[in-house]
Amino acid sequence: MEPQEVLRTRLAGQQLREPQAATAEGALKNLLAVQAQEFAYARWSLAQRTTGATAEDVEQAVADGRILRTHILRPTWHFVHRDDLPWLRALSEPRLHQANAGTYRRTGIDDAAASRSADVMAEAVAGGVHLTREQLADRLAGAGFPAKGLALAYLIMHAEISGVLVSGTPVRSPGGALRQTYAAFDERVAGTAWAVVPSREESLAALVLRYFGSRGPATVRDCADWSGLTMTDVRKGLALADEIDPGGIAGVSFDGADFYLRPAEYGRDALGPGAVSGQIGGSGSPGPGTGRACEPGQAGDGRPQVDLVQCYDEYIMGYSVSRRYFGGTAPAYPFGDNPMHVVLLDGVLAGSWRHSLVRRGSAAERCELDIRLSRPLGHAAEVAVNEALEAAVARYRDFLGMPTVRIPPGT
């Protein structure tokens, strides 16, 4: 595959190009999990892969528990659909506790402390109660546990990883920002299709099908680093997936490495319900290459396309060793006053951006976008790219549902 074909296939598989998902939940089901430590920007990561979901739509899905936010895969926040969280949590738990083991020791979280603190928190959120971090800290402090700092963070994270806590309905801070709450895991996933969590082998196959089906072409190492699993596990998952769904994931070698992806000609509903033992399903969206052909990363009409993506977007964080194809090293700490989120021009790194909400009291009245291009453009290209930038600003305006303007850099 040529580099431009890699970009085109990834953009389509991740639904940053048509055909896009109808809802934020559909976009999430396609990607399986979406990194979400910056909630305000992570909402956009889901919505921009749809035909018109808004910030309010995503927030409501989180409030209702259709989309859950928790620590999974790697020790960081992710959005996961409630239907997928039971099996994905069970698959991730051993590796997450292993990754956190050093911090557990430093903060005094042994098996006894983890079990007793989990009992305290489980009792606190039982019966549909949703509590903020501060409210959980008060309950833990009353039971003699650390109520601040790293120890508090890892007691709560241990409970998430162990299936005791998960995200609840967010609450508004006095300043108007949404704040995470915690609820009982079993209550938030009640009513999903899971009477019994599938075997580890079935879960490995499901993860591999969903990962390479949405992010391919990608390598085994890419998948291992993204999932927190070992490369041995990923290879095992590929072998199992081929038994369950022959031809669903294909291998191709280029640039001195082996890559895996869903074949462009693979048009049937390969990843829909029934992909693994009739339970672990995907989005059912068409695979890469089924839409209109165009130049790398461009819109379907051949004009340049600008995408404003968060620096932790799956188009970036979905890869490790093959991240280079998008032309940058994000996420990276910004220098000086530069924004840290990523501007893509036809799928390639072209600058940085951030948003600022101008508030009156607790209500946001407008959004200001600081967008800075780093790639030099000729005059003809500049005109077309400025039109693409205006279209990107308009999409963000529609997403937020408020006046949104581009401001001069550094304003």
Side-chain angles (χ1 to χ4, degrees), residues 10-74 76-89 91-92 160 166-170 178 180 185 188-189 191-194 203 206-216 223 226-228 262 269 271-273 275-276 279-288 307 309-310 312-318 399:
R10 287 180 176 179
L11 287 165
Q14 291 209 21
Q15 297 186 302
L16 286 167
R17 297 292 181 269
E18 295 181 353
Q20 295 183 302
T23 65
E25 296 105 283
L28 181 54
K29 289 286 281 183
N30 178 53
L31 290 169
L32 182 57
V34 169
Q35 196 162 328
Q37 64 262 55
E38 292 201 38
F39 184 86
Y41 289 96
R43 301 171 308 171
W44 171 236
S45 282
L46 293 179
Q48 73 185 134
R49 290 168 161 85
T50 73
T51 53
T54 65
E56 185 177 354
D57 293 333
V58 180
E59 290 168 11
Q60 190 61 55
V62 173
D64 293 344
R66 289 170 282 145
I67 292 173
L68 296 169
R69 182 173 179 258
T70 192
H71 287 87
I72 204 164
L73 298 176
R74 307 180 303 281
T76 190
W77 292 105
H78 282 82
F79 283 142
V80 181
H81 195 279
R82 68 191 297 269
D83 290 345
D84 291 312
L85 186 55
W87 69 266
L88 193 57
R89 187 209 65 79
L91 182 63
S92 295
E160 291 178 89
V166 74
S167 62
T169 300
L178 282 175
Q180 171 96 14
F185 182 95
R188 291 291 263 181
V189 301
T192 61
W194 304 102
S203 296
L207 183 142
V208 163
L209 283 165
R210 300 276 282 281
Y211 173 84
F212 289 108
S214 60
R215 292 169 180 80
C223 183
W226 175 83
S227 66
R262 190 189 323 168
D269 189 9
L271 301 184
V276 179
Q279 288 188 320
I280 305 176
S283 68
S285 59
D307 296 282
V309 302
Q310 66 152 328
Y312 303 112
D313 190 87
E314 293 301 312
Y315 185 72
I316 299 165
M317 298 304 296
F399 161 72

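Keep in mind it's a predicted model, so treat the numbers as computed, not measured.
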Suppose we screen for ring-ring contact (aromatic ring centres under 6.0 Å, His included). Which residues come up paired with [X], at least two apart in sequence or across chains?
X    : result
Y41  : H341, W353, H355
F79  : F39
H78  : none
F212 : Y260

Mark yes or no for whether R215, through its side chain, and L31, through its backbone, hold a donor-acceptor pair below 3.5 Å.
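Yes, the answer is positive, given that a donor and an acceptor are paired below the 3.5 Å cut-off.
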Any sub-3.5 Å donor-acceptor pair from R262's side-chain atoms to G213's backbone N or O?
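Looks like yes, one N/O pair under 3.5 Å.
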To the nearest 0.5 Å, what is the distance between CG on D313 and CG on L46?
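With rounding to 0.5 Å, CG (D313) is 9.5 Å from CG (L46).
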CZ on R10 to CG on L16, rounded to 0.5 Å:
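If we round to the nearest 0.5 Å, L16:CG and R10:CZ are 12.5 Å apart.
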Passes side-chain contact (heavy atoms from CB on, under 4.5 Å), Q35 versus W77? Steps please.
CA-CA 6 Å; Q35 196 162 328; W77 292 105; over 6 Å; no
How close do [X] and [Y] get, heavy atom to heavy atom, and via which atoms?
X    : Y   : answer
S92  : L73 : OG-N, 3.5 Å
N30  : G13 : ND2-O, 3.0 Å
A47  : A53 : CB-O, 3.4 Å
K29  : D83 : NZ-CB, 3.8 Å
A206 : W87 : CB-CH2, 3.8 Å

All pairs passing salt bridge (Lys or Arg N to Asp or Glu O under 4.0 Å) where residues 38-47 contributes a residue, at least two apart
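Residue pairs passing salt bridge (Lys or Arg N to Asp or Glu O under 4.0 Å), neighbours aside: R43-E59.
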Who pairs with [X] by side-chain contact (heavy atoms from CB on, under 4.5 Å), at least two apart in sequence or on another chain?
X    : value
A27  : Q15, A21, R49, T50
S167 : L68, R69, Q180
T51  : Q20

Go through the structure and list residues passing salt bridge (charged side-chain N to carboxylate O under 4.0 Å, His left out) with [X], not counting sequence neighbours.
X    : result
R188 : none
E25  : R66
E160 : none

Yes or no on salt bridge (Lys or Arg N to Asp or Glu O under 4.0 Å) for D307 and R17, after CA distance, side-chain angles and deciding distance?
CA-CA 10 Å; D307 296 282; R17 297 292 181 269; 2.9 Å; yes
In a check of side chain to side chain contact (heavy atoms under 4.5 Å, CB included) between S227 and each of L207, L32, L88, L91, which one passes?
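Only match with S227 under side chain to side chain contact (heavy atoms under 4.5 Å, CB included): L207.
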Which one of D57, V58, D64, V62 satisfies the side chain to side chain contact (heavy atoms under 4.5 Å, CB included) criterion with Q60?
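Answer to the side chain to side chain contact (heavy atoms under 4.5 Å, CB included) test with Q60 among D57, V58, D64, V62: D64.
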For the pair T70 and R89, evaluate side-chain contact (heavy atoms from CB on, under 4.5 Å) and give the outcome as yes or no after the intermediate values.
CA-CA 10 Å; T70 192; R89 187 209 65 79; over 6 Å; no
For E56, check side-chain hydrogen bond (donor to acceptor under 3.5 Å, both in side chains) against everything at least two apart and list the hits.
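Applying side-chain hydrogen bond (donor to acceptor under 3.5 Å, both in side chains) to E56 gives none.
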